[in-house]
Amino acid sequence: VAAARSGDRPALDALLRRHHDRLFALCRRLTGNEADAYDALQEALIAIVRGLHRFDGRSLFTTWSYRVATNATLDELRRRRRRPVPGLPAEDGPGAGPGLRAGFAPAGTGSGPGGRAAPGGAMPSVGGFDEAVADRMDIDEALARLPDDFRAAVVLRDLCALDYAEISEVLGIPPGTVRSRIARGRGLLAAHLGNREPAPERPNPGP
Amino acid sequence: MTEHDLDALASDLLDGLLPADEAADALRDPAVARRVEEMRSAQALLRSVPAPDPHRREAAIAAALEAADRADAHPSPAAAPGPRPAVPAEVGDLAAHRAGPRPEPRQNASTWLAAAAVILVVLAFGGLIVGTQVGSDDDADTSAELSTGAEERDATASDDGGGAASEAAPTTTAPPTGQAAPAPSDESAEADSGSALAAEEGVLDLGAADSVDQLAERARIRVDALAPSASGDETLDAEGLGDAASRLALTGCELPAEELPAGATLEVVATATLDGDPVTVWLFSDGGTERMVVLDAACGVVGRRTLG
């Protein structure tokens with residue numbers, strides 16, 4: 001990191017390569033589809049190289065880069081929501097994916113919006129539509145139904161394996177809020193994946 | 001126990017936040033155990049992210065490195081300490097524009113501030129000479145302060161440009177833009193104040209559009225119209241384009257350096273309205289391909305298109 005900061009181009013190259021895949025995974029889960037993930041990741045990588053001089057080493061570079069990537073991705077999602085592309089389905093439904101291109105369902109599947117076939121051949125394809133693809137579309141759709149704040153907290157915890165303090169730093173919210181968002185987000189995610197009615201926003205009185 | 005309590009407890013159990021004995025007690029409740037398992041399954045699905053495409057991976061890293069090269073070629077004053085390798089500017093044709101006779105907007109600002117400082121100093125010294133008060137030290141102090149203030153403002157102006165200008169310098173200084181051209185007549189009435197200002201300044205105005213795609217189509221038509229023709233009408237004129245770009249630099253946005261690929265040539269800067277919001281449209285040729293970037297009033301990128 002220090003070498004990259006000082007202008008050592010091979011060091012910067014190596015740094016980007018080392019962190020590319022995990023940042024892609026974060027963007028992929030936050031956006032809900034590969035195409036938007038690549039766009040968001042591009043913004044994130046550029047933000048990282050442009051902001052590297054501001055990285056002061058008080059946190060891990062990994063945490064800092066997650067913060068940059070999370071912000072870049074959420075910004076990208078907000079921008080895209082403001083500027084929907086004509087011809088693509090509207091994203092105003094609760095089942096719509098967070099990304100610009102969400103809303104596609106494979107022809108003939110009758111699947112809800114949120115999932116889509118991946119460009120670039122990253123997804124396995126056996127018989128056109130295998131179980132793995134179905135699983136991923138389910139998780140994409142379920143994640144898309146979470147509010148951005150909940151989705152970010154859950155993804156940072158369950159995918160990126162950050163602890164609550166690190167997530168607090170990435171999202172700029174108190175650790176207690178992180179904990180509640182993760183719990184609520186996990187509960188909603190599990191409910192959506194299990195076709196179970198999610199808990200209402202206001203707690204029901206218990207027995 | 002409410003659903004929220006159940007989620008909170010299961011989440012804590014999943015993260016191992018409870019002591020072992022409390023966790024064992026909690027997991028004796030089938031509802032809690034089931035919720036933990038549901039969350040664990042969701043966690044496993046969430047982690048099964050497909051690997052990125054290797055080609056896109058390389059392209060993304062290359063683009064980021066290019067952005068770093070551009071930033072190094074025009075370092076910000078607040079940039080990282082330490083030596084940086086000398087990296088030549090990648091947009092040679094734009095650099096050539098910068099070397100041209102047309103003054104840059106920031107240079108204009110600096111010139112005016114410097115001139116103001118000189119005038120103030122002269123006035124202050126004039127006061128020293130013709131003044132009747134003996135205690136003219138105050139005037140001298142004041143003049144010195146004013147002079148220093150002007151220099152500081154000048155420096156501040158440079159600093160302000162440091163972050164953005166250092167990266168956008170190639171585009172700030174040399175963006176050729178289209179000759180003044182009228183907006184589409186049926187839509188020009190919808191142009192907001194930004195477009196109206198652009199019209200006054202003689203900047204190409206693409207009028208009002210509902211979408212980036214519509215804007216791209218309109219830009220494509222205008223680019224075709226502006227292409228050098230045998231009649232000589234509406235041909236690209238570097239001098240006129242530069243003036244328009246300078247006015248844009250004063251009143252609008254600059255194309256972020258990372259948006260301009262290495263070797264690309266900026267051709268046209270135009271204004272327009274998108275969904276009623278003022279935007280600037282930047283057209284450039286990238287290896288023979290016409291590309292378009294649209295910036296909103298906050299200078300954020302709201303669209304990119306290839307014009308075919």
Side-chain angles (χ1 to χ4, degrees), chain A residues 5-9 12-13 16-17 20-21 24-25 28-29 34 38 41-42 45-46 48-50 52-53 79 82-83 85-86 118-123 132 135-136 138-139 142-143 154-155 157-159 179-180 182-184 186-187 189-191 193-194 196 198-200 203-207, chain B residues 1-12 14-15 17 35 38-39 41-43 45-57 59-61 63-65 67-69 71-72 76 78-85 87 167 210-214 256 258 274-275 296 300-303:
Chain A
R5 282 188 65 195
S6 68
D8 183 333
R9 193 58 76 242
L12 179 60
D13 188 307
L16 294 176
R17 286 179 191 285
H20 176 279
D21 286 8
F24 169 78
R28 175 66 182 80
R29 282 298 179 232
E34 297 214 357
Y38 285 121
L41 177 63
Q42 184 68 84
L45 291 180
I46 289 174
I48 284 171
V49 299
R50 292 177 63 185
L52 193 56
H53 64 273
R79 267 199 299 272
R82 285 202 306 265
R83 304 275 184 225
V85 171
M123 287 184 179
D135 281 347
R136 271 201 289 279
D138 282 345
I139 186 70
L143 278 169
V154 170
V155 169
R157 175 68 194 136
D158 286 345
L159 175 69
R179 187 175 179 177
S180 63
I182 288 173
R184 193 78 189 96
R186 280 173 170 166
L189 193 61
L193 287 169
R196 174 166 53 80
N204 293 325
Chain B
M1 183 183 294
T2 67
E3 286 292 310
H4 290 270
D5 293 339
L6 191 57
D7 285 342
L9 180 57
S11 183
D12 284 353
L14 198 62
D15 283 335
L17 298 180
R35 186 61 53 90
E38 286 176 355
M39 289 183 174
S41 298
Q43 193 178 51
L45 281 175
L46 195 146
R47 287 175 177 164
S48 62
V49 182
D53 177 68
H55 298 297
R56 301 198 70 163
R57 184 177 194 255
I61 291 172
L65 290 173
D69 286 341
D72 280 353
S76 160
R84 285 176 179 274
V87 179
E167 288 146 359
D210 297 329
S211 68
V212 175
D213 285 334
Q214 189 180 10
E258 67 271 14
L274 183 61
D275 285 343
D296 62 14
V301 176
V302 295

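Predicted model, so just to flag it, every value in this text is computed and none were measured. Proteins come first, then strands; the chains are lettered A, B, ... in the order of their sequence lines, and each starts at number 1.
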Subject >> Proximity breakdown for Ala10(B) and chain A, heavy-atom pairs closer than 4.5 Å >> reply: neither

**OP:** For each of Leu17(B), Leu9(B), Leu6(B), Asp5(B), tally heavy-atom pairs with chain A at distances under 4.5 Å, and name the one with the top tally.
**Re:** Leu17(B)

How far apart are the closest heavy atoms of [X] and [Y], and which atoms are they?
X	Y	value
Phe24(A)	Ala51(B)	CE2-C, 4.3 Å
Ala42(B)	Ile139(A)	O-CD1, 4.0 Å
Ser48(B)	Arg29(A)	O-NH2, 3.2 Å
Ala190(A)	Glu38(B)	CB-CB, 3.8 Å
Ala25(A)	Val49(B)	CA-CG1, 3.9 Å
Ile182(A)	Ser11(B)	CG2-OG, 3.8 Å

Original post:
Going through the distances and angles, do Leu46(B) and Leu189(A) end up as a side-chain contact (heavy atoms from CB on, under 4.5 Å)?
Top reply: CA-CA 10 Å; Leu46(B) 195 146; Leu189(A) 193 61; 3.8 Å; yes

Original post:
Would you say Asp12(B) and Arg179(A) make side-chain contact, with heavy atoms under 4.5 Å?
Top reply: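 The answer is yes, as the side chains (C-beta and beyond) meet within the 4.5 Å cut-off.
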
Subject >> Donor-acceptor contact present, side-chain Arg28(A) to main-chain Pro50(B), <3.5 Å >> reply: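 Between the backbone of Pro50(B) and the side chain of Arg28(A) there is no qualifying donor-acceptor contact (under 3.5 Å).
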
**OP:** Walk me through it: do Asp7(B) and Arg186(A) pass the test salt bridge (Lys or Arg N to Asp or Glu O under 4.0 Å)?
**Re:** CA-CA 7 Å; Asp7(B) 285 342; Arg186(A) 280 173 170 166; over 6 Å; no

Original post:
Partners of Arg57(B) by side-chain contact (heavy atoms from CB on, under 4.5 Å), sequence neighbours excluded?
Top reply: Arg17(A), His20(A), Asp21(A), Ile61(B)

Original post:
Do Arg157(A) and Asp15(B) pass the side-chain contact (heavy atoms from CB on, under 4.5 Å) test, and can you show the C-alpha distance, the side-chain angles, and the key distance before you say yes or no?
Top reply: CA-CA 9 Å; Arg157(A) 175 68 194 136; Asp15(B) 283 335; 3.0 Å; yes

**OP:** Rounded to the nearest 0.5 Å, what's the gap from CG on Leu65(B) to CG on Asp13(A)? Could you check?
**Re:**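 Here the rounded value is 5.0 Å.
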
